Asks: 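The structure that follows is given in the form of structure tokens.
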Amino acid sequence: MKSLSLILALTVGTVLALGSPAWSDKKKDKESDIAALAKEAKVTIDQAVKTATEKVPGTVVEAELEKKHDKITWEVEVLGADGKVTEVCIDAVTGAVLDTEAKDKKDEKKKEGKKGK
């Protein structure tokens with residue numbers, strides 16, 4: 001009976017020990033990716049926010065550093081006085097506004113649906 005309990009305890013311990021790093025590795029990889037992007041970016045988040053609100057007046061609700069189409073960009077979401085959210089894409093190296101895109105509620109629902117799945 002003691003040997004069965006010992007085997008069970010060792011099995012559970014091994015599963016927990018080997019299973020948990022898989023979850024934490026994904027988070028570490030994402031953090032290191034963001035750190036690498038931040039090193040390459042010449043434009044700070046404050047500068048990106050300022051540029052975005054000059055282009056689209058309002059309140060910034062989100063800013064994210066990303067790599068798209070081999071370019072490092074700041075994607076800044078601005079809530080306008082009209083209640084609509086506009087995404088302003090800024091080149092993180094040059095500071096130039098690359099694109100603006102109005103976000104509607106359909107886009108938000110699509111994103112939420114993808115995240116939940």
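Source: prediction; values computed, not measured.
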Asks: Find out if a path of hydrophobic residues (ILVMFWY) with successive side-chain heavy-atom gaps under 4.5 Å connects V85 to V88.
Replies: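 No, because V85 and V88 fall into different hydrophobic clusters, even though each may have its own neighbours under 4.5 Å.
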Asks: Restricting to non-hydrogen atoms, name the atom on T51 and the atom on G95 that form the minimum distance, rounded to 0.1 Å.
Replies: CG2-O, 3.9 Å
Asks: Nearest 0.5 Å please: distance from the CD atom of E77 over to the SG atom of C89.
Replies: 11.5 Å
Asks: Check the hydrophobic clustering (I, L, V, M, F, W, Y; side-chain heavy atoms under 4.5 Å; chains of links allowed) and say if V97 and L65 are grouped together.
Replies: yes
Asks: Please list all pairs passing the salt bridge (charged side-chain N to carboxylate O under 4.0 Å, His left out) test where one or both residues lie in residues 50-61, with sequence neighbours left out.
Replies: K50-E54
Asks: Tell me which pairs pass side-chain hydrogen bond (donor to acceptor under 3.5 Å, both in side chains) where either residue lies in residues 91-100, with sequence neighbours left out.
Replies: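 Not a single pair qualifies under side-chain hydrogen bond (donor to acceptor under 3.5 Å, both in side chains).
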Asks: Roughly how far apart are E66 CD and D33 CG, rounded to 0.5 Å?
Replies: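 It comes to 12.0 Å.
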Asks: Which heavy atom of I90 sits nearest to which heavy atom of A48, and what is that distance?
Replies: CD1-O, 3.1 Å
Asks: For the atom pair CH2 (W74) and CG (D46), what is the distance rounded to the nearest 0.5 Å?
Replies: 9.0 Å
Asks: Tell me which one of V61, V60, T86, V56 satisfies side chain to side chain contact (heavy atoms under 4.5 Å, CB included) with L79.
Replies: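 Testing each of V61, V60, T86, V56 against L79, the sole residue satisfying side chain to side chain contact (heavy atoms under 4.5 Å, CB included) is V61.
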Asks: Would a distance-only check, ignoring hydrogens and angles, find a side-chain to backbone donor-acceptor pair under 3.5 Å from E40 to L37?
Replies: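 The answer is no, because no donor-acceptor pair under 3.5 Å joins these two groups.
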Asks: Using a 4.5 Å cut-off on heavy atoms from C-beta on, say whether the side chain of T73 contacts that of L98.
Replies: yes
Asks: Decide yes or no for K68 and E75: does some side-chain heavy atom of the first lie under 4.5 Å from some side-chain heavy atom of the second?
Replies: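 They are in contact (side-chain heavy atoms under 4.5 Å apart), so the answer is yes.
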